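Bear in mind the structure is a predicted one, so any value in this text is a computation, not a measurement. Throughout, protein chains are lettered first and strands after them, A, B, ... in sequence-line order, and every chain is numbered starting at 1.
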Number of protein chains: 2
Amino acid sequence: MAITLHDVARLAGVSIKTVSNVINDYPHIRPATRTKVESAISELGYQPNLSARSLRSGRSGVISLLIPDLRNAYFAELADAVMRAAQAKGLSVIIEQMPGGKKEELEILRGPRMQLVDGILYSVLALGEEDAHELDSRMPMVLLGDRIFHGPKDHVTMQNTAGAKAATEHLLSLGRRRIAALGSHPGEVVGSAGLRLEGYRQALDEAGVAYDPSLVIPAINWHRKDGAAAMRRFLEQGVPFDGLVAFNDSMALGAMRVMQEAGLRIPDDVSVIGFDDIDETRYSIPSLSTIDPSKDEIAETAVDLLLERIDNPESDAPARDLATEFRVVQRESSAR
Amino acid sequence: MAITLHDVARLAGVSIKTVSNVINDYPHIRPATRTKVESAISELGYQPNLSARSLRSGRSGVISLLIPDLRNAYFAELADAVMRAAQAKGLSVIIEQMPGGKKEELEILRGPRMQLVDGILYSVLALGEEDAHELDSRMPMVLLGDRIFHGPKDHVTMQNTAGAKAATEHLLSLGRRRIAALGSHPGEVVGSAGLRLEGYRQALDEAGVAYDPSLVIPAINWHRKDGAAAMRRFLEQGVPFDGLVAFNDSMALGAMRVMQEAGLRIPDDVSVIGFDDIDETRYSIPSLSTIDPSKDEIAETAVDLLLERIDNPESDAPARDLATEFRVVQRESSAR
DNA sequence: CTTGTCATTTACAACGTTGTAAAGTAAACG
DNA sequence: CGTTTACTTTACAACGTTGTAAATGACAAG
């Protein structure tokens with residue numbers, strides 16, 4: 001039904017291989033031939049069949065982005081950034097959501113759909129260091145997020161510990177001394193939660209402020225409602241506090257809402273800072289201070305690394321760990 | 001490199017076609033043969049090559065979702081709903097963003113990537129009724145959004161006019177009489193903006209409230225910042241008002257922020273209602289009343305329609321226009 | 001024991017593309 | 001003018017799968 005190389009070749013009066021050569025920028029083609037072919041292509045509106053190309057060449061021009069959940073603004077914005085970066089390199093992106101835990105993640109990773117793509121950007125949620133060996137070693141892959149380190153794959157992340165430290169220092173610099181941390185995963189060391197908690201502790205240590213476990217508020221999922229629920233529980237305990245470092249913006253927004261319902265004024269009574277710099281933080285009431293992880297940089301770096309792996313499938317260059325820069329963004333929630 | 005039908009066939013001691021038959025649930029296969037083949041498949045960890053399957057059968061199991069912008073919470077949530085619906089039917093989704101206007105939309109629609117997919121869900125932004133003929137007639141496609149009606153393709157949308165009417169009626173029922181409308185596109189009739197404005201007018205008419213053009217606030221893009229900017233301009237004009245129907249939630253949130261900065265109390269001074277029921281509306285301060293367009297229903301309906309078109313490529317059943325139910329969600333921004 | 005029927009399995013071609021290697025052509029050299 | 005050299009184009013096979021049609025097997029009826 002659709003136009004194929006054969007149709008173009010017939011119209012241009014050359015072989016299909018010559019048409020293919022024109023399309024793939026093979027250098028030795030007579031200018032007259034090239035012109036003929038090109039005008040035949042545009043006359044017929046030829047579009048290469050990507051399935052055939054992919055079957056023959058092993059390259060589809062599609063990469064997968066595996067993320068937990070698009071409803072989470074951070075991942076939506078990250079996905080946006082990845083798609084822009086990919087588009088700039090001529091790649092399409094298949095997004096797969098995996099909100100279902102370890103079993104589902106492995107299923108998707110091993111499923112037939114991964115055959116279709118040239119490489120995978122995998123924002124690890126459930127898998128841990130101990131599952132690293134489950135990752136297909138032949139598939140080009142770049143890991144995002146912070147669950148697997150020094151694994152078998154390239155890895156791009158923000159500086160979690162340094163970022164959380166800077167966030168905490170920011171509140172300390174405002175004179176806050178009873179700073180709560182929202183979003184811990186008890187017992188976790190390597191994930192974002194563990195690393196950010198570590199940064200929080202480092203900042204307290206260096207400032208000579210004692211670490212008080214009762215100020216650490218656990219929250220497993222990091223959505224608005226989880227932040228709200230956790231803050232509700234925390235307020236019931238009546239632990240006095242004057243600052244809040246939330247491990248992401250969504251939780252911070254949920255928590256701010258609950259705090260204000262409870263009559264706490266932000267930033268007068270409690271200074272708040274989040275993590276991720278999602279767009280919403282600019283318009284919340286009050287606007288939310290945050291750590292900007294430069295999602296664009298993460299996305300571009302990850303796509304570049306992935307493309308490098310795709311282009312050199314034989315290379316056994318060791319896996320690289322890259323950490324991007326971050327920036328403290330002060331808004332009303334931590335105004336002086 | 002990867003396992004193919006040949007490998008499975010060799011191990012099971014049958015022909016590749018028999019393996020193919022087993023995989024595709026061909027009925028006439030001896031149970032013993034089926035067992036042999038199945039155990040060979042799982043022993044080798046065979047995964048079908050989707051490129052080859054797609055090349056041969058013309059089906060890839062992938063659909064495209066064309067949306068303006070993932071940073072817009074509505075589209076992120078819609079994309080999420082579409083992906084869930086698609087996953088339930090065994091389909092993958094390629095998301096393409098097209099923030100660039102008509103030219104870019106047509107480029108993407110006609111680009112080679114559309115060859116890879118079985119069908120397209122197209123959330124029309126820039127194209128209008130007059131461009132309907134540009135849509136490839138052979139490609140299964142379902143239109144979302146409200147720019148093209150009675151076009152050549154199936155169409156799923158919410159009841160824009162009825163929804164806006166209900167929103168306006170809701171504010172009227174609270175005794176509001178000077179209700180502003182935020183997000184109009186001057187001159188537009190068919191898009192969401194035009195239809196929602198129409199609903200707003202109908203509600204006023206029926207309530208016997210005069211339509212006052214100075215209460216209609218234009219905003220071309222519908223992001224938070226556009227709502228904020230438009231409201232800032234509107235406040236400068238000093239037009240008195242006591243209610244606000246925003247044509248989407250993001251604008252409403254941006255506008256609420258500006259109103260509160262200006263000292264207006266919500267809902268005491270101004271009752272506000274938005275459109276879309278994005279998650280954020282539950283946690284904003286105040287929480288935002290809105291029209292819930294049932295994104296899940298839109299997504300499921302659209303995927304079902306698309307799948308029907310994909311399965312019956314020859315059918316020339318006429319294009320259908322479906323409108324989903326909506327629901328008025330009252331929250332604090334329009335509390336009594 | 002032959003024939004017919006149905007179940008089961010197979011060989012082969014085809015989908016549209018690109019890699020390989022070879023064929024053809026023109027220009028340059030001795 | 002024959003030969004080398006470089007450029008340009010081509011035929012053919014292959015990627016892994018499924019559709020078509022034909023071959024084989026099994027079994028009941030005549």
Side-chain angles (χ1 to χ4, degrees), chain A residues 1-38 40-41 44-62 112-118 138 311 313-314, chain B residues 1-38 40-41 44-62 112-118 138 311 313-314:
Chain A
M1 201 81 316
I3 313 291
T4 75
L5 281 184
H6 288 91
D7 304 314
V8 177
R10 199 173 313 124
L11 179 61
V14 297
S15 74
I16 60 164
K17 183 67 222 221
T18 297
V19 180
S20 170
N21 285 338
V22 169
I23 291 169
N24 293 287
D25 285 323
Y26 179 75
H28 303 303
I29 298 174
R30 213 158 355 132
T33 312
R34 161 163 283 130
T35 313
K36 247 189 329 189
V37 171
E38 278 167 351
I41 287 177
L44 295 173
Y46 168 78
Q47 301 279 6
N49 179 316
L50 297 185
S51 297
R53 177 178 281 178
S54 155
L55 173 60
R56 178 61 239 228
S57 69
R59 291 288 269 317
S60 63
V62 181
R113 294 222 273 280
M114 292 303 116
Q115 289 245 351
L116 196 64
V117 300
D118 296 339
R138 291 186 312 271
D311 286 335
E314 301 309 323
Chain B
M1 202 80 316
I3 313 291
T4 76
L5 281 184
H6 289 91
D7 304 314
V8 177
R10 199 174 313 124
L11 179 61
V14 297
S15 75
I16 60 164
K17 184 66 225 229
T18 297
V19 180
S20 171
N21 284 340
V22 169
I23 291 168
N24 293 290
D25 286 323
Y26 180 75
H28 302 302
I29 298 176
R30 211 152 1 124
T33 312
R34 163 163 281 130
T35 313
K36 248 189 328 188
V37 170
E38 278 168 350
I41 286 177
L44 295 173
Y46 168 78
Q47 301 280 6
N49 180 316
L50 297 185
S51 297
R53 176 177 282 178
S54 156
L55 173 59
R56 179 61 238 231
S57 69
R59 291 285 277 294
S60 63
V62 181
R113 295 220 275 278
M114 293 304 114
Q115 289 247 350
L116 196 64
V117 300
D118 296 339
R138 291 185 313 272
D311 286 335
E314 300 310 322

Might you point out which heavy atoms bring B:Val37 and B:Val8 nearest each other, and give the distance in Å?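 Shortest heavy-atom separation between B:Val37 and B:Val8 comes out as O-CG1, 4.3 Å.
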
Nearest non-hydrogen partners of A:Thr4 and A:Asp7, listed with the distance: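 Reported closest heavy-atom pair: N-OD2, 2.8 Å.
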
Within the 4.5 Å heavy-atom criterion, are A:Leu50 and A:Arg53 side-chain neighbours or not?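 The answer is yes; the side chains approach within 4.5 Å.
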
Hey, does the side chain of A:Ser60 reach the backbone of A:Leu116 with a donor-acceptor pair shorter than 3.5 angstrom?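 Such a contact is found between A:Ser60 side chain and A:Leu116 backbone.
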
Atom pairs, N/O to N/O, protein against nucleotides 5-9 of chain D, distance under 3.5 Å?
residue, atom, partner, partner atom, Å
D:dT9, OP1, A:Thr33, OG1, 2.3
D:dT9, OP2, A:Arg30, N, 3.2

Once rounded to the nearest 0.5 Å, what's the spacing between atom [atom1] of [X] and atom [atom2] of [Y]?
X       : Y        : atom1 : atom2 : value
A:Ser54 : A:Asp118 : OG    : CG    : 7.0 Å
B:Asn49 : A:Gln115 : CG    : CD    : 5.5 Å
A:Ile41 : A:Gln47  : CD1   : CD    : 10.0 Å
A:Ser51 : B:Arg56  : OG    : CZ    : 13.5 Å
B:His6  : B:Tyr46  : NE2   : OH    : 10.5 Å

Which protein N or O atoms sit under 3.5 Å from an N or O of nucleotides 19-22 of chain D?
residue, atom, partner, partner atom, Å
D:dG19, O4', B:Arg56, NH2, 3.3
D:dG19, N7, B:Lys17, NZ, 2.6

Pull out every protein N or O sitting under 3.5 Å from an N or O of nucleotides 25-28 of chain C, one pair per line with the distance.
none

Reckon B:Ser20 has a side-chain N or O less than 4.0 Å from the OP1 or OP2 of D:dT17?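 No, B:Ser20 has no side-chain N/O under 4.0 Å of OP1/OP2 on D:dT17.
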
Gap between atoms [atom1] and [atom2], on [X] and [N] respectively (whole Å):
X       : N      : atom1 : atom2 : result
A:Arg59 : C:dG16 : CZ    : C1'   : 19 Å
A:Ile16 : C:dC15 : CD1   : C1'   : 12 Å
A:Ile3  : C:dC15 : CD1   : C1'   : 16 Å
A:Leu5  : D:dC12 : CG    : P     : 17 Å

Please tabulate, for the side chains in residues 17-27 of chain A, all donor-acceptor contacts under 3.5 angstrom to protein atoms that are two or more places apart in sequence or on a different chain.
residue, atom, partner, partner atom, Å
A:Thr18, OG1, A:Ser15, OG, 3.3
A:Ser20, OG, A:Asn24, ND2, 3.4
A:Asn21, ND2, A:Lys17, O, 3.3
A:Asn24, ND2, A:Ser20, O, 2.7

Please report how far the helix from C:dC1-D:dG30 to C:dG30-D:dC1 bends, comparing the axis fitted to its first five pairs with the axis fitted to its last five, to the nearest 10 degrees.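 Rounded to the nearest 10 degrees, the bend comes out at 60°.
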
Short of 4.0 Å, heavy atom to strand atom, which residues of residues 44-53 of chain A count as contacting DNA chain C?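 Result for residues 44-53 of chain A: A:Tyr46, A:Pro48, A:Asn49, A:Ala52, A:Arg53, sorted by number.
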
